[in-house]
Chemist: 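If you scroll down you'll find the structure; I have some questions about it.
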Amino acid sequence: MKFDTKVVRAGISPDPTTGSILPPIYETATFVLPEVGRDLGFDYTRSSNPTRQVLEDNLAAIDSGQYAVSFASGMSAVDSCFKLLTAGDHIVCGDDVYGGVTRLLDNVTVQQGIDVSYVDTTNADAVRNVITPKTRMLWIETPTNPLLKVSDLEEMVKIARENDILLGVDSTFATPVFLRPLEFGADIVMHSTTKYLAGHNQIIGGVIVTNHQHVFEKMKYIQKTIGAVSSPFDCWLNLSGLKTLHLRMKRHEESAMAVAEFLEGHNKIDRVLYPGLASHPQHAIAKAQMSGFSGMIAFELTGGTEAGKRLMNNVQLCGLAESLGSVETMITHPASMTHVDVPVEDRRKRGLTDGLVRLSVGIEDVDDIIGDLESALETA
Ligand SMILES: *Cc1c(COP(=O)(O)O)cnc(C)c1O
């Protein structure tokens with residue numbers, strides 16, 4: 001199957017008892033056994049569920065993976081990856097990652113005796129320099145949230161191989177439409193399915209995809225043990241959203257490019273970060289390793305924080321909201337919203353200024369999106 005066919009069909013076959021073209025929502029906690037010691041493939045929904053299984057099969061296929069494990073949220077998926085490590089181990093993490101990941105590492109993971117170093121993963125030498133004999137995992141986002149930094153996956157894979165450590169890639173911003181890290185040799189891919197993969201602001205969910213059987217078995221074990229599972233109904237909604245992923249992403253990208261160009265040409269805008277712009281510091285790598293630049297933009301206004309706030313308070317069509325990747329355009333102030341728990345000094349160090357605005361370009365008519373920004377910018 002080609003990619004677009006996989007998106008719509010992989011892992012999904014008509015229900016054998018009724019012919020229902022869509023998988024039923026198996027909203028059940030448990031499954032009756034025909035006899036002691038024998039089940040029909042399922043025993044308890046915390047362990048597995050037929051609706052979740054269909055979602056996992058589809059997500060594995062579209063990310064070029066053999067195995068997928070669906071979680072209750074992106075964060076429980078990330079946490080479960082970090083649970084592959086034990087006390088005394090060391091994680092190297094990208095210095096620009098989703099604020100929740102920083103919160104998890106700094107306040108929860110370290111309490112389990114795991115050390116963390118943050119490094120700019122757009123610089124391969126810098127990554128090599130922080131690896132120690134205790135390092136067991138390299139965790140990166142590409143493009144990153146919120147600064148849209150792009151890391152060279154071939155380099156990251158090389159570093160992971162040289163040091164015999166796991167490379168985990170949070171690929172939420174890219175989606176399997178534009179980037180499939182397992183094809184580069186990454187060990188684990190993770191998505192917050194809350195974002196583009198479900199795509200309609202209906203659910204919170206996460207997934208990890210891998211080609212390693214030992215990683216898969218461990219993740220299944222962790223999932224079943226801690227119970228961070230996605231509900232059958234959420235899995236069904238996610239499946240429903242996924243069916244148009246390839247079409248949505250094309251539109252997200254097309255409109256994001258137009259919006260990024262509009263912003264870059266506006267006299268009240270200081271800098272625009274979008275991997276599709278020639279001005280983006282890693283534009284060449286993005287172009288080489290991704291088949292598209294996705295729908296996320298970050299920018300700063302000439303008037304700084306106050307101007308940014310006026311813009312965000314005066315948009316009408318764009319929703320001032322956390323989250324991203326949905327059909328609706330959403331605008332976010334990372335410093336006070338998604339990344340509020342990143343210590344101020346760390347935010348400054350990594351270039352996440354108080355004036356930074358993050359835009360998730362939706363699939364409305366792009367003229368309306370630009371029009372909304374244009375009139376809100378008049379107040380900025
Ligand atoms: C949103 C997000 C997460 C967390 O996912 P949730 O589904 O909100 O738990 C992790 N990584 C990235 C890049 C995200 O954007």
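As the structure lists them, so they are numbered: ligands from 1, and atoms in each ligand from 1. Computed from heavy atoms alone, side chains included, the values below leave out hydrogens, waters and symmetry copies.
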Chemist: Would you tell me which option among Ser323, Ser76, Gly74, Ala72 has the nearest heavy-atom contact to atom 6 (P) of ligand 1?
Modeler: Gly74
Chemist: Applying a 4.0 Å heavy-atom criterion (strictly less than), which segment of Leu324 is in contact with ligand 1: side chain, backbone, both, or neither?
Modeler: side chain
Chemist: With a 4.0 Å cut-off, would you call Asp95 and Lys349 a salt bridge?
Modeler: no
Chemist: In terms of the angle between their ring planes, are Phe233 and Trp236 parallel, tilted or perpendicular, with boundaries placed at 30° and 60°?
Modeler: parallel
Chemist: Which residue holds the protein heavy atom closest to atom 4 (C) of ligand 1, what is that atom called, and what is the gap in Å?
Modeler: Tyr98 CE2, 3.4 Å
Chemist: Per the side-chain contact (heavy atoms from CB on, under 4.5 Å) rule, which among Val150, Thr142, Leu148 passes with Phe173?
Modeler: Leu148
Chemist: Return the residue, atom name and 0.1 Å-rounded distance of the protein heavy atom closest to atom 7 (O) of ligand 1.
Modeler: Thr194 OG1, 2.6 Å
Chemist: N/O of Met75 under 3.5 Å from N/O of ligand 1, yes or no?
Modeler: yes
Chemist: Taking the six-membered ring of Tyr98, is NZ or CZ of Lys195 closer than 6.0 Å to its centre and within 45° of its axis?
Modeler: yes
Chemist: What protein heavy atom sits nearest atom 14 (C) of ligand 1, and how far off is it?
Modeler: Lys195 NZ, 3.0 Å
Chemist: Go through ligand 1 atom by atom and flag the ones less than 4.0 Å from a non-hydrogen atom of Glu141.
Modeler: 13 (C)
Chemist: Under a heavy-atom criterion of less than 4.0 Å, does Val97 contact ligand 1?
Modeler: no
Chemist: Answer yes when Glu345 and Arg348 have at least one side-chain N-carboxylate O distance shorter than 4.0 Å, and no when they do not.
Modeler: no
Chemist: Identify, by atom number and element, the atoms of ligand 1 in contact range of Gly205, meaning under 4.0 Å from any of its heavy atoms.
Modeler: 7 (O)
Chemist: Check Ser230 against Cys235 and note the closest heavy-atom contact, atom names and distance.
Modeler: OG-SG, 3.3 Å
Chemist: Without swapping roles, check the side chain of Glu141 against the backbone of Asp170 for a donor-acceptor pair under 3.5 Å.
Modeler: no
Chemist: Of all the non-hydrogen atoms in the protein, which one sits nearest to atom 11 (N) of ligand 1, and at what distance?
Modeler: Asp170 OD2, 2.6 Å
